[in-house]
Visitor: 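Have a look at this one.
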Amino acid sequence: MLIKNLNLKNFRNYSEECISFSEGLNVLHGKNAQGKTNCAEAVFYLCTGVSPRCRRDKLLIKRGAEFAELSAAAEGKYGKMEIYAKITETGREFRLNGNKITRNADIMGNLFSVFFSPQELRLIQDGPDERRRFLNVSISQLSKPYYTALSRYNKILEQRNNLLKSRDLDSVYDSLPVWDAQLCKYAAIIAFKRAEYIEMLSPLAAEAHAFLTDGGEELKISPEKKYKGSEEELEKRLFSELSENYARDIRLGYTASGPHRDDIDIFIDGTDAKTYASQGQTRTAALSVKLAEVEIFKNLSGEYPVLILDDVLSELDLPRRKKLTERTENLQTILTCTHAERVLSGRQANKIKIENGKVKN
Ligand code: ATP
Ligand code: MG
């Protein structure tokens with residue numbers, strides 16, 4: 001997968017700009033607050049339809065402008081493609097090769113991208129929300145049925161939660177099994193695909209972590225143990241779990257179990273990374289998870305994704321930086337930093353200087 005150029009109009013601090021990328025390593029450099037991360041964010045947004053840093057699209061529109069427009073010309077194994085997005089105050093529109101994309105599920109899966117920034121440490125340190133978000137964005141890029149199941153699950157869940165707050169208990173008890181039949185159909189797809197994904201991720205992340213630490217540390221990722229079995233079995237199990245807990249959910253006023261509450265366990269050298277890992281270990285573990293994600297995309301789609309490394313090299317020590325460089329030699333990488341020379345240590349790269357929302361030649 002290769003992104004050749006990116007056009008931005010009224011995106012964040014960019015008025016109008018075209019940025020050309022080459023194969024291999026691209027380095028966006030410049031002082032703080034010039035637009036390096038904004039550019040990296042635009043690439044990821046075009047690939048996935050989601051921003052890695054905010055959940056509200058309208059924040060991406062340049063302050064004072066009515067809309068933002070962005071597009072990228074790319075080349076994948078199926079040839080050339082152009083992906084375009086327009087964001088307005090009230091909505092957005094995506095186009096692939098000029099044709100309007102009507103379903104959100106079809107935005108993902110055209111261009112693959114993996115985004116890594118210091119904020120990704122949250123993947124290890126923070127609560128389960130961050131890990132679910134990682135799984136959701138990553139698996140949705142690979143599987144439209146997952147994305148669709150997730151959107152439907154969230155809608156039904158919201159309705160179920162509203163129902164749980166109703167005071168008419170007879171009607172609540174009558175309606176719950178009906179909602180749950182629907183909910184569990186989608187919950188099973190989500191749980192099954194997550195388990196499948198973690199099965200792939202776990203050995204790849206362990207391998208990447210061992211590589212980055214020269215075999216010094218062992219990383220282990222385990223999925224929810226309850227999700228063993230076929231999709232049908234999971235559906236039944238999820239349904240009975242919900243049925244057994246009607247009283248609990250009614251008392252709480254929300255649904256306290258299901259894939260929206262699940263988590264993955266991450267261990268470094270046998271101890272829970274969330275509680276015990278050092279900053280450096282956390283950073284390496286998060287990076288290993290992302291490198292594993294790169295390999296999964298490659299294995300499943302036959303192509304490497306575009307790797308975006310936002311502000312991460314300066315935080316790694318020299319041996320780890322070298323290892324990361326070695327590891328990412330075969331893929332197009334977009335890297336942001338303040339001092340290109342300091343992070344490159346002589347490595348060839350397409351250097352792009354960003355100054356106040358413009359490419360500086
Ligand atoms: P750093 O080295 O500090 O990470 P950066 O070059 O990555 O800096 P960006 O995060 O890309 O900087 O942000 C550049 C500027 O864009 C910031 O000053 C920010 O205020 C501005 N900005 C962000 N969103 C918008 C927006 N919607 N409209 C206008 N400007 C924005
Ligand atoms: Mg930045």
Visitor: Of all the heavy-atom pairs spanning A188 and E231, show the shortest one and how long it is.
Guide: CB-O, 3.5 Å

Visitor: Looking at every non-hydrogen atom in both residues, tell me the closest pair between D174 and P177 and how far apart they are.
Guide: O-CD, 3.4 Å

Visitor: Is any side-chain heavy atom of C184 less than 4.5 Å from a side-chain heavy atom of E235?
Guide: yes

Visitor: Any luck finding a side-chain donor-acceptor pair between D57 and Y45 under 3.5 Å?
Guide: yes

Visitor: Could you tell me whether the side chains of E217 and H209 share a donor-acceptor contact shorter than 3.5 Å?
Guide: yes

Visitor: Can you find a pair of side-chain heavy atoms, one from N7 and one from L70, that are under 4.5 Å apart?
Guide: no

Visitor: Distance alone, cut at 3.5 Å: any donor-acceptor contact between the side chains of T284 and Q281?
Guide: no

Visitor: Before accepting this row, confirm whether a basic side-chain N of the pair D263/R131 lies closer than 4.0 Å to the acidic partner's carboxylate O.
Guide: yes

Visitor: Quick one: are T282 and S278 in side-chain contact, heavy atoms under 4.5 Å?
Guide: no

Visitor: Looking only at heavy atoms, what is the nearest atom pair of V27 and C337, with distance?
Guide: CG1-SG, 3.7 Å

Visitor: Under a 3.5 Å cutoff, is there a donor and acceptor pairing between the side chains of D311 and T336?
Guide: no

Visitor: Less than 4.0 Å between a side-chain N and a carboxylate O, is that true for E303 and K298?
Guide: no

Visitor: Should we say atom NZ of K4 is surrounded by more than 12 heavy atoms from elsewhere, each under 6.0 Å from it?
Guide: no

Visitor: Please round to the nearest 0.5 Å and tell me the distance separating atom CG of L96 and atom CE of M81.
Guide: 7.0 Å

Visitor: Test side chain to side chain contact (heavy atoms under 4.5 Å, CB included) on D106 and K144; report intermediate values, then the result.
Guide: CA-CA 7 Å; D106 294 331; K144 287 188 208 311; 3.2 Å; yes

Visitor: Can you find a side-chain donor-acceptor pair between S202 and K220 that sits under 3.5 Å?
Guide: no

Visitor: Tell me, with the steps shown, if L335 and L25 meet side chain to side chain contact (heavy atoms under 4.5 Å, CB included).
Guide: CA-CA 7 Å; L335 185 149; L25 180 61; 3.9 Å; yes

Visitor: I'd like to check the salt bridge (charged side-chain N to carboxylate O under 4.0 Å, His left out) partners of D126; sequence neighbours left out, ordered by chain and number.
Guide: none

Visitor: Checking E233 now: which residues fulfil salt bridge (charged side-chain N to carboxylate O under 4.0 Å, His left out) with it, not counting sequence neighbours?
Guide: none

Visitor: Could you walk me through whether V306 and F297 pass the side chain to side chain contact (heavy atoms under 4.5 Å, CB included) check?
Guide: CA-CA 10 Å; V306 175; F297 283 136; over 6 Å; no

Visitor: Provide the closest heavy-atom pair for S20 versus N350 in the form atom of the first, atom of the second, distance.
Guide: O-ND2, 3.4 Å

Visitor: Quick test of your reading of the model: are E41 and K36 salt-bridged, counting only N-O distances below 4.0 Å?
Guide: no

Visitor: Look at D180 together with R160 and state whether they make a salt bridge at an N to O cut-off of under 4.0 Å.
Guide: yes

Visitor: With no hydrogens and no angle check, just 3.5 Å: does a side-chain donor-acceptor pair link Y304 and Q332?
Guide: no

Visitor: So among E196, R194, K193, which one has a side chain to side chain donor-acceptor pair (under 3.5 Å) with Y146?
Guide: R194

Visitor: Between D272 and T275, does any side-chain donor sit less than 3.5 Å from a side-chain acceptor?
Guide: yes

Visitor: Which pair of non-hydrogen atoms, one from Y14 and one from G35, has the smallest distance, and what is that distance?
Guide: OH-O, 2.6 Å

Visitor: Answer yes if the side chains of N38 and R53 hold a donor-acceptor pair under 3.5 Å, and no otherwise.
Guide: yes

Visitor: Would S257 and R248 count as having a side-chain donor-acceptor pair, cut-off 3.5 Å?
Guide: yes

Visitor: For atom NZ of K77, decide whether the heavy atoms of other residues, nucleotides or ligands shown that lie under 6.0 angstrom number more than 12.
Guide: yes

Visitor: Is K290 paired with E293 through a side-chain N to carboxylate O contact shorter than 4.0 Å?
Guide: yes

Visitor: Please find the pair of heavy atoms, one from F267 and one from S222, that lie closest to each other, and give the distance.
Guide: CE1-OG, 4.0 Å

